[in-house]
Protein chains: 2
Amino acid sequence: MTDDARSPFDHPANALVLEVFRLNGALIRCGDALVKPLGLTSARWQVLGSIAHGRGTFSVARLADNMGLARQSVQRIVDELAEAGLVGFEPNPAHKRAKLVVMTPRGQRVFVRATELWRPIADAMAGGLALRELRKTTDNLAALRGRLEDQADNGSSE
Amino acid sequence: MTDDARSPFDHPANALVLEVFRLNGALIRCGDALVKPLGLTSARWQVLGSIAHGRGTFSVARLADNMGLARQSVQRIVDELAEAGLVGFEPNPAHKRAKLVVMTPRGQRVFVRATELWRPIADAMAGGLALRELRKTTDNLAALRGRLEDQADNGSSE
DNA sequence: GCACAATTGACAGCATGCTGCCAATATGGC
DNA sequence: GCCATATTGGCAGCATGCTGTCAATTGTGC
């Protein structure tokens, strides 16, 4: 069953879009299952990853920008992580209100554990592709997103 | 700002995963904005697309399988589309309970209109990539998903 | 220094994905 | 034919994304 000219919905980009949706869903489901034993979810794990990436120098707003999400989406997750004792807040010398989000020791341990669980899955998933091909694919996705967002911006101003 | 060895989270697949998340989010936001004037959302538009793809020969459960989503996720959208008068139900000769989901004439008009709005955006987004490259990228994503899901399956049984 | 814009977080509410549980309807083994 | 199983839809509830609005803080232009 291939999707040919069955409907007016037949653009070469559509197959890619559908595959992005499917892969996104599969990644979230897999991640949820993977880190559930640690009391995490995909979303909380991702936020921990962003905090690790910034080494505790980011406010919630910066985290959200880096992840491409709305501030409030990240804010709620961070608040829940704080309630669970996995992250905390440090005073920000540059901004009294925008505190810096840092991992607690417990948060660090959980994040390291999640990373260990993920590595073999990532190896197996990416193993079939040459590193070059993997990078090329990533670059192509980024380029597609760049042009999509340009379109969205232009479209709203015209 | 590149993400080097700042944390234990440093696998070549991670850049791709993050880009899939970002592109997925960008596509949904763009789609929501695009079809909002038609009274649609990304999710409803996608379900209409699946119905069009099956030409009205699919039950809700089949639609969900095709989209890689849980049945209930699709069920709610279909119910809402039915309430909005965009889809209807035909009796299924093979199953009294599992009715076939079909577009109403109004649903068809809305879907065609959405497709017209999407085409120039898709052209602009994919335009920077050769058709070959676009297909290759799509295939790579599908391959990654296949291996990811295999891992998930094996992992649960071992 | 002061008013105005931009940034940030708090709170409330919606859309869409998920799961779990139950009832109704096939389907298959006996 | 009958009972166990699978499939399907209905209902309820949760997680995570979004938006809009408001207050607190910071930065800018005069």
Side-chain angles (χ1 to χ4, degrees), chain A residues 20-36 39-48 50 58-84 87 89-101 152 156, chain B residues 20-36 39-48 50 58-84 87 89 91-101 152:
Chain A
V20 169
F21 289 159
R22 288 196 201 98
L23 181 53
N24 179 76
L27 284 167
I28 288 176
R29 279 190 292 272
C30 173
D32 278 342
L34 192 70
V35 299
K36 186 170 192 178
L40 285 180
T41 62
S42 281
R44 294 178 191 195
W45 178 24
Q46 269 180 262
V47 170
L48 286 182
S50 279
F58 288 165
S59 65
V60 167
R62 296 258 334 244
L63 289 172
D65 280 352
N66 287 352
M67 301 177 69
L69 299 183
R71 275 202 314 287
Q72 286 315 110
S73 311
V74 177
Q75 183 79 54
R76 185 164 34 74
I77 304 285
V78 167
D79 289 344
E80 289 166 0
L81 286 172
E83 203 172 341
V87 309
F89 300 96
E90 294 282 334
N92 185 347
H95 197 304
K96 193 191 291 185
R97 189 174 179 136
K99 303 208 186 78
L100 302 179
V101 185
S156 63
Chain B
V20 168
F21 289 160
R22 289 198 201 95
L23 181 53
N24 179 76
L27 284 167
I28 289 175
R29 280 191 291 273
C30 173
D32 278 341
L34 192 70
V35 298
K36 187 171 190 175
L40 286 180
T41 62
S42 280
R44 294 178 192 196
W45 178 23
Q46 269 180 262
V47 170
L48 286 181
S50 278
F58 288 165
S59 64
V60 167
R62 295 258 336 244
L63 289 173
D65 280 351
N66 287 352
M67 301 177 70
L69 298 183
R71 276 202 316 286
Q72 284 318 109
S73 312
V74 178
Q75 183 78 53
R76 186 165 32 74
I77 304 286
V78 166
D79 288 345
E80 290 166 359
L81 286 172
E83 202 171 343
V87 309
F89 300 95
N92 185 346
H95 197 304
K96 191 191 292 186
R97 188 176 180 136
K99 303 206 186 80
L100 302 179
V101 185

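Each chain gets a letter, A, B and so on, in the order the sequences are listed, and its residues count up from 1.
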Gap between atoms [atom1] and [atom2], on [X] and [N] respectively (whole Å):
X	N	atom1	atom2	answer
L27(A)	dT16(D)	CG	P	16 Å
D79(A)	dT8(C)	CG	C1'	13 Å
F58(B)	dT8(D)	CZ	P	12 Å
L23(A)	dG17(C)	CG	P	16 Å
I28(B)	dG17(C)	CD1	P	7 Å
F21(B)	dG17(D)	CZ	P	10 Å
W45(A)	dT16(D)	CH2	P	14 Å
Q72(B)	dT7(D)	CD	C1'	12 Å

Does Q75(A) have a side-chain nitrogen or oxygen under 4.0 Å from the phosphate oxygens OP1 or OP2 of dA10(C)?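 The answer is yes; a side-chain N or O of Q75(A) sits under 4.0 Å from OP1 or OP2.
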Using a cut-off of strictly less than 4.0 Å, decide whether R71(A) has a side-chain nitrogen or oxygen near OP1 or OP2 of dT7(C).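 Negative; the distance criterion is not met.
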Between [options], which nucleotide has the shortest distance from any of its atoms to the side chain of [X]?
X	options	result
L69(A)	dG17(C), dC18(D), dT26(D)	dC18(D)
R76(A)	dT8(D), dC18(D), dT16(C)	dC18(D)
R44(B)	dT16(D), dG10(D), dT16(C)	dT16(C)
H95(B)	dT19(C), dA26(C), dG9(C)	dA26(C)
A43(B)	dA15(D), dG9(D), dT16(C)	dT16(C)

Atom pair CG (L100(B)) and NE2 (H95(B)), whose distance is rounded to the nearest 0.5 Å: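 Reported to 0.5 Å precision, the distance equals 11.0 Å.
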Could you grab the distance from atom CG of L27(A) to atom CG of L34(A), nearest 0.5 Å is fine?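 Interatomic distance, L27(A) CG to L34(A) CG, rounded to 0.5 Å: 11.5 Å.
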Can you work out whether K99(A) or G68(B) has the more 5'-proximal nearest nucleotide on DNA chain C?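 Looking at the nearest nucleotide for each, K99(A) comes out on the 5' side.
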Does S59(B) reach a base, just sugar-phosphate, or nothing at all? Heavy atoms under 4.0 Å.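 Sugar-phosphate, no base atom in range.
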Mind checking S73(B) for me? I need base, sugar-phosphate or nothing, with any heavy atom below 4.0 Å counting as a touch.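 The residue S73(B) makes base contact.
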Do the side chain of D32(A) and the main chain of T41(A) share a donor and acceptor less than 3.5 angstrom apart?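 No: the side chain of D32(A) does not pair with the backbone of T41(A).
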Are the side chains of V47(B) and V101(B) in touch, meaning some heavy atoms are under 4.5 Å apart?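 The answer is no; the side chains never approach within 4.5 Å.
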What I'd like to find out is whether the side chain of F58(A) reaches to under 4.5 Å of the side chain of D65(A), using heavy atoms alone.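 No; the side chains remain at least 4.5 Å from each other.
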More 5' along DNA chain D: E80(A) or R97(A), using each one's nearest nucleotide?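 It is E80(A) whose nearest nucleotide is closer to the 5' end.
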Need to verify one output field. Residue with the more 5' nearest nucleotide on DNA chain D, T41(A) or K36(B)?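 Looking at the nearest nucleotide for each, T41(A) comes out on the 5' side.
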